[in-house]
**Q** 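Before anything else, here's the structure in question.
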Number of protein chains: 2
Amino acid sequence: MSGKFLIRKLNSFNRLPQKGEEAIQEICSRRILSLARRQDIISEGEDPRTVNVIIDGWACRYKTLEDGRRQILAFFVPGDLADLHVYILDAMDHSIGTLTPLRYARMSPAEFEALGNDYPAVLRALWCDSLVTAAIQREWLVSVGQRTALESVAHLICELYLRLKTIGLTEDGKCSFPLTQSDIADALGMTQPHVSRTLKEIEQTGIITIGRGTLTVHHLAKLKELAIFNPNYLHHLYDAAHGRPGPS
Amino acid sequence: MSGKFLIRKLNSFNRLPQKGEEAIQEICSRRILSLARRQDIISEGEDPRTVNVIIDGWACRYKTLEDGRRQILAFFVPGDLADLHVYILDAMDHSIGTLTPLRYARMSPAEFEALGNDYPAVLRALWCDSLVTAAIQREWLVSVGQRTALESVAHLICELYLRLKTIGLTEDGKCSFPLTQSDIADALGMTQPHVSRTLKEIEQTGIITIGRGTLTVHHLAKLKELAIFNPNYLHHLYDAAHGRPGPS
DNA sequence: CGCTATATTGACTTTGCTCAACCCAGGTGG
DNA sequence: CCACCTGGGTTGAGCAAAGTCAATATAGCG
């Protein structure tokens, strides 16, 4: 079932044919790798030769300045593709590292392109996915540039919750949440103590609870309001999170 | 000569065949539109149906929160493609607006796809361009999240100067620079008065001068140092800015 | 049980924001 | 031709959000 989450996500963009789903499943089962927490899948400067699909666990894309300041650029959850297409370039301009123990499938550009050629619906869904990934990247810039600390922490939590909901990894408003406060800080351009204070402030409103690696969203509507959350940037991913199937 | 800058930029990724250049030129000459300053080419919520190439002038991608806060997500200069591929999605999640009077070429997805199908080298270069566009987007997040005001203003100026250099729009360290301080502020998550103070501080070092819509870079190496500028994210665009031709 | 990670909290500092006044240049119309 | 208007840009005083530094607490984990 290693391709399960990717298949679910892609189905939210457009219905995949049975055969296409099977091909994804097959390609995600061939070379499965495991990595411990806090390891790089690929580092800045390396020559990318593969496409990676997250099967289990969380990872992130990040970049460090020479004096050690770190900016996390994206979080990856199961079903996410780390660097579709990047293999055209000679050298990575950022790194991808694990945040938890991770299982991921590694495929070659050729395998990947064959998948798209054989199944146009899969190709189209992969396209949509990469456009949504870019939209998420942009929305993070809006958060870091314009939202207050309170708003941007709420926004990040809201986004992650909805993305997990799309792939069926939430239950009764609960989901796994392995990020440390330092991870959140590095993603939002804040400091870890300030994330601590901000999270406390949000939790005191009763909207969410975070504890022991688990996030509980008690009141999604209020969380969205606090975050100034406009779901349009998630496109069909957002519909899927609410049980509306993607267009055929 | 409406496709000139796009052709120059794409050539920095890989050499284009003569015929490919002609096809780009042809497609960029068919439907040329003009727009005044501070107008939207396309607004958030609209259904994108075209691919736009900037011929002359500057534009930006931006997003506004409901209370009016604006984040500029990208600057477009001549030769830039506004929203390659986005036509797959139903609704824009951001707007594209002009910063100066603008001339741009509008092409249909079909024309665009035909171009790629007929000339693989063009397709490849377009791919590289969109990867670099994404890398620029990420680097902005690093700026806003981690760099100080001084560093990020310097970084933005450095990036724009190099991008203009790649397409041959600089001369003796000078280039056109039509951004207002408010534009810079909205791009970097700062306020306009603070941009004013920061620019003054940079100019006092003698590294650059900005005046009457013109930027002069007196000392590029020092500017890069001040900005903690690592050009790897521009990939071959950076080589081209230094007169090294792209790979064949 | 104790080690290491992570999180909390407090006192103090700093960066950059807010608000507001003022300046300046270019463009327009009387 | 010049007065005025408008859209930038500059500058200053005071303030607030978030950073820094450091001590302490807590929680998993071996």
Side-chain angles (χ1 to χ4, degrees), chain A residues 36-39 58 65 67-72 97-101 143-157 176-204 208-215 226, chain B residues 36-39 58 65 67-72 97-101 143-157 176-204 208-215 226:
Chain A
R37 204 180 115 98
R38 308 273 164 201
Q39 304 294 314
W58 289 37
L65 296 183
D67 64 2
R69 280 175 274 177
R70 176 176 77 144
Q71 177 68 43
I72 290 181
T98 63
L99 295 170
T100 66
S143 277
V144 178
Q146 304 299 328
R147 290 191 237 264
T148 63
L150 193 66
E151 289 163 355
S152 45
V153 170
H155 197 278
L156 177 63
I157 289 171
S176 163
F177 196 80
L179 302 181
T180 66
Q181 292 181 351
S182 296
D183 294 331
I184 297 173
D186 287 349
L188 299 178
M190 304 168 53
T191 54
Q192 179 269 318
H194 201 233
V195 170
S196 178
R197 291 185 254 261
T198 306
L199 278 176
K200 192 178 157 197
E201 194 180 341
I202 303 182
E203 293 192 69
Q204 275 169 353
I208 62 162
T209 317
I210 294 184
R212 265 166 251 101
T214 299
L215 161 70
L226 183 61
Chain B
R37 202 180 115 100
R38 308 272 165 202
Q39 305 294 314
W58 290 36
L65 296 183
D67 64 1
R69 279 175 274 176
R70 176 177 75 145
Q71 177 68 43
I72 291 182
T98 63
L99 295 170
T100 66
S143 276
V144 178
Q146 304 299 327
R147 290 187 174 88
T148 63
L150 193 66
E151 289 163 356
S152 46
V153 170
H155 196 279
L156 176 64
I157 289 171
S176 164
F177 196 82
L179 302 181
T180 66
Q181 294 181 348
S182 297
D183 294 331
I184 297 173
D186 288 347
L188 300 178
M190 303 168 54
T191 56
Q192 179 270 318
H194 202 232
V195 170
S196 178
R197 289 185 255 262
T198 306
L199 278 175
K200 192 177 158 197
E201 195 181 340
I202 303 181
E203 293 192 69
Q204 275 169 353
I208 63 162
T209 317
I210 294 184
R212 263 166 254 102
T214 300
L215 161 71
L226 184 61

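Note that this is a predicted model, so its numbers are computed, not measured. Order of the sequence lines sets the chain letters (A, B, ...), proteins ahead of strands, with each chain counted from 1.
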**Q** Do A:Q181 and A:T198 make a side-chain contact, defined as non-hydrogen atoms from C-beta onward lying under 4.5 Å apart?
**A**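 They are not in side-chain contact.
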**Q** Give one of base, sugar-phosphate or nothing for B:G211, where a contact means two heavy atoms less than 4.0 Å apart.
**A**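 Nothing: the residue B:G211, judged by heavy atoms under 4.0 Å, touches no strand.
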**Q** What are the two closest non-hydrogen atoms of A:A36 and A:Q39, and how far apart are they?
**A**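 Scanning both residues, the minimum pair turns out to be O-CG, 3.3 Å.
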**Q** How close or far is atom P of D:dA16 from atom NE2 of B:H194, stated in whole angstroms?
**A**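 Rounded to whole Å, this separation is 18 Å.
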**Q** How many whole angstroms separate atom CG of A:L99 from atom P of C:dA5?
**A**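 Those two atoms, CG and P, are 16 Å apart.
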**Q** Check if the side chain of A:R37 and the base of C:dT6 share a donor-acceptor pair of N or O atoms closer than 3.5 Å.
**A**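 No such pair is found, so the answer is no.
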**Q** Please determine whether any donor N or O and acceptor N or O are separated by less than 3.5 Å between the side chain of B:R38 and the base of D:dG7.
**A**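 By the distance-only test, no, there is no pair.
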**Q** Starting at atom CZ of B:R147, determine the distance to atom P of C:dT15, rounded to an integer number of angstrom.
**A**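 These atoms are roughly 18 Å apart.
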**Q** Between B:Q192 and C:dC17, is there a contact of a side-chain N or O with OP1 or OP2 at under 4.0 Å?
**A**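 No.
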**Q** Taking a pair as Watson-Crick or G-U wobble with both distances under 3.5 Å, which nucleotide is matched to C:dT13?
**A**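 Partner of C:dT13: D:dA18.
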**Q** Among C:dT18, D:dA18, C:dG10, which is the nearest nucleotide to the side chain of A:R197?
**A**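 Taking heavy atoms from C-beta onward, the closest nucleotide is C:dG10.
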**Q** Report the distance from atom CD of B:E203 to atom C1' of D:dT10, rounded to the nearest whole Å.
**A**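 From B:E203 CD to D:dT10 C1': 12 Å.
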**Q** How many Å lie between CD on A:Q146 and C1' on C:dG16, as a whole number?
**A**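 The answer, rounded to whole Å, is 14 Å.
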**Q** Hey, does B:L199 have a side-chain heavy atom less than 4.5 Å from the side chain of B:I157?
**A**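 Answer yes - side chains close enough.
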**Q** OP1 or OP2 of C:dT8 versus the side-chain N and O atoms of A:S196: is any pair under 4.0 Å?
**A**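 True: A:S196 side-chain N/O within range (under 4.0 Å) of C:dT8 OP1/OP2.
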**Q** If we call it a pair only when both distances are under 3.5 Å in a Watson-Crick or G-U wobble match, what pairs with C:dA5?
**A**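 Base-paired to nothing in any strand shown.
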**Q** Heavy-atom nearest nucleotide on DNA chain D for A:T148 versus A:R212: which residue maps closer to 5'?
**A**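 Checking each residue's closest nucleotide, the 5'-ward one belongs to A:T148.
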**Q** Rounded to whole Å, how long is the line connecting atom CD1 of A:I184 with atom P of C:dT6?
**A**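 These atoms are roughly 13 Å apart.
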**Q** Using the purine O4'-C1'-N9-C4 or pyrimidine O4'-C1'-N1-C2 torsion, is C:dA5 syn (within 90° of 0) or anti?
**A**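 The base of C:dA5 is oriented syn (glycosidic angle within 90° of 0).
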**Q** Just the rounded figure in Å: distance from C1' of D:dT10 to CD of B:Q181.
**A**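 Taking atom C1' of D:dT10 as the reference, CD of B:Q181 is at 8 Å.
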**Q** Could you give the CE-to-C1' distance, from B:M190 to C:dT15, as a whole number of Å?
**A**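 Whole-Å distance recorded here is 10 Å.
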**Q** Return the 5'-most residue of the pair B:P193, A:P193 with respect to DNA chain C, ranking by each residue's nearest nucleotide.
**A**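 Residue closer to the 5' terminus by nearest nucleotide: A:P193.
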**Q** Step through the shown structure and confirm whether more than 12 heavy atoms of other residues, nucleotides or ligands are within 6.0 Å of CZ on A:R38.
**A**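 Buried by this count: over 12 neighbours within 6.0 Å.
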**Q** On a heavy-atom basis, which atom in A:R147 and which in A:E151 lie closest, and how many Å separate them?
**A**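 So the two residues come closest at CA-OE1, 3.3 Å.
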**Q** Hey, does the side chain of B:K200 come within less than 4.0 Å of D:dG9's phosphate (OP1/OP2), counting only N and O?
**A**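 Checking D:dG9 against B:K200, no side-chain N or O comes under 4.0 Å of OP1 or OP2.
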